[in-house]
Amino acid sequence: MRSMYVALFLVVLCGIESKLIYPSDSGRVYYTGRVDFHEGNVAKFQWSGVSFSINLKNAKQAPSFMMSGVVTNYDVQCGEKLTSFKTSQHWDLRNYTVNCGDIKPEQEYLITITKRTEAYYGESRFGGFVVDEHAQVSKPEGRKLKMEFIGASVTCGYGNLGTPPCESNVDNENARLAYSSQTARMLNADHSIICWSGMGMARSYGDKFPVTENSMPHHFNGTLGKLNSNDWDFKRFIPQIVVINLGGNDYSSKPSPSFEQFSQIYNRFLDLIRRVYGQTVYIYNFDGPLNNVPRLAEIIANRKEARTFYLDLAHVLTEKADRGCNSHPSVKGDYKMAVQLSEFIKKTFKSPVNK
Ligand SMILES: *[C@@H]1O[C@H](CO)[C@@H](O)[C@H](O)[C@H]1NC(C)=O
Ligand SMILES: *[C@@H]1O[C@H](CO)[C@@H](O)[C@H](O)[C@H]1NC(C)=O
């Protein structure tokens with residue numbers, strides 16, 4: 001069995017020590033979030049929180065990961081150890097070695113790399129990973145419960161590591177610690193995050209018109225989030241739970257959409273979610289933590305759907321320490337939101353899914 005595996009891989013001699021290279025599409029990697037495999041062995045991704053995991057055993061050294069793309073940060077969970085690495089901007093693949101501390105060959109390590117930054121910063125690529133020649137690599141199993149979070153800055157973790165006064169940047173934004181990822185962990189779910197700072201449902205922050213194309217429904221269909229790219233195959237990931245936090249930006253400045261405009265676009269988006277994920281999907285809509293969305297509760301109530309919920313999270317951030325950059329939640333504020341949201345979901349989500 002093992003020799004069959006080995007035949008699949010390219011064994012590269014470098015000095016005395018041999019290395020095994022597993023390409024990103026070798027079947028040994030478990031992905032969460034949207035990933036584009038159209039370009040040969042290189043997996044492209046852009047949305048926040050995209051992750052890839054491997055199980056590693058019998059290794060003497062930590063693996064390295066072949067990456068390219070824009071400047072970004074990744075968190076790395078290597079067994080019990082949490083570490084991170086930052087990529088500079090380059091479009092050729094380069095090896096980034098993760099710091100797992102002392103690797104014990106007899107121990108099995110689940111290694112998960114998570115993209116911390118949002119789609120706005122641009123594209124990232126993963127070419128594969130390199131381990132020492134006797135290492136055994138297998139694909140981790142995914143969790144049964146799948147969730148999708150659709151939102152703006154708060155859902156991305158905008159500035160959640162920053163100390164105010166600050167603006168968000170690639171170093172102080174961490175999607176793995178945003179309320180979205182924290183909620184998914186509390187519910188033991190795999191999750192996909194579709195978020196973009198400033199984005200609205202009908203109109204994004206600062207747009208000149210009350211309804212614009214630069215809004216979430218026009219980015220949502222994209223594997224990489226590009227405007228109207230419409231290339232994502234929704235069958236590849238079917239969540240049982242969708243969480244939406246949109247509308248705050250629509251009303252954060254003038255000209256805001258009218259109630260009719262906003263509710264029509266919101267309803268069309270909910271219809272799309274049901275069309276692509278099926279009628280059984282649970283949809284949780286919340287406003288806050290920065291402002292309430294005018295009459296969102298009414299829009300949701302008017303749908304009269306048993307599996308579509310509204311939740312008010314506009315009053316969760318009560319302490320100074322709950323906020324990071326620009327009044328957005330800090331990791332502590334994210335935690336408070338995640339507690340409220342996950343409790344609400346536990347109470348209302350009725351599904352045979354084995355958690
Ligand atoms: C990464 O390291 C391996 C082993 O040292 C090497 O064979 C491979 O070419 C490197 N990949 C890149 C993209 O430099
Ligand atoms: C997104 O995809 C859905 C389902 O295929 C389609 O009905 C909708 O028009 C698409 N939206 C955009 C903005 O392309």
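When a ligand or atom number is given, it counts from 1 through the structure's own listing order. Keep in mind that what you see is a predicted model, and the values were worked out from it rather than measured. For this chain, numbers begin at 1 and follow the sequence in order.
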May I ask you to check whether Phe52 and Phe126 place their ring centres under 6.0 Å from each other?
yes
May I ask you to check if ligand 1 and Asn95 share an N or O to N or O distance below 3.5 Å?
yes
Pick one: which of Arg116, Lys81, Lys115 meets salt bridge (Lys or Arg N to Asp or Glu O under 4.0 Å) with Asp75?
Arg116
When you measure from atom 13 (C) of ligand 1 to each heavy atom in Val130, Leu93, Leu20, which option holds the nearest one?
Leu93
Answer yes if the ring centres of Tyr31 and Phe37 are under 6.0 angstrom apart, and no otherwise.
yes
Centroid-to-centroid, Phe262 to Tyr251, below 6.0 Å?
yes
Ligand 2 to Asn230, heavy atom cutoff 4.0 Å, flagged ligand atoms 1 (C), 2 (O), 10 (C), 14 (O)
Could you check whether Thr308 and Arg274, counting side-chain N and O atoms only, form a donor-acceptor pair closer than 3.5 Å?
yes
Under 4.0 Å to a heavy atom of Leu272 - the qualifying atoms of ligand 2, by number
3 (C), 4 (C)
Applying a heavy-atom cut-off of 4.0 Å, say which part of Ile21 lies close to ligand 1: side chain, backbone, both or neither.
side chain
Atom 11 (N) of ligand 2: the protein heavy-atom neighbour that sits closest, reported with distance to 0.1 Å
Asn221 ND2, 2.9 Å
Closer than 4.0 Å to some heavy atom of Pro217 - which atoms of ligand 2 meet that?
13 (C)
Mutual orientation of the aromatic rings belonging to Phe149 and His191 [parallel < 30°, tilted 30-60°, perpendicular > 60°]
perpendicular
Check this for me, if you would: do Asp271 and Arg303 make a salt bridge, where the nitrogen-to-carboxylate-oxygen distance has to be below 4.0 angstrom?
yes
For atom 9 (O) of ligand 2, decide whether some protein heavy-atom distance is shorter than 4.0 Å.
no
Does the protein come close to atom 2 (O) of ligand 2 - that is, does one of its heavy atoms sit below 4.0 Å from that atom?
yes
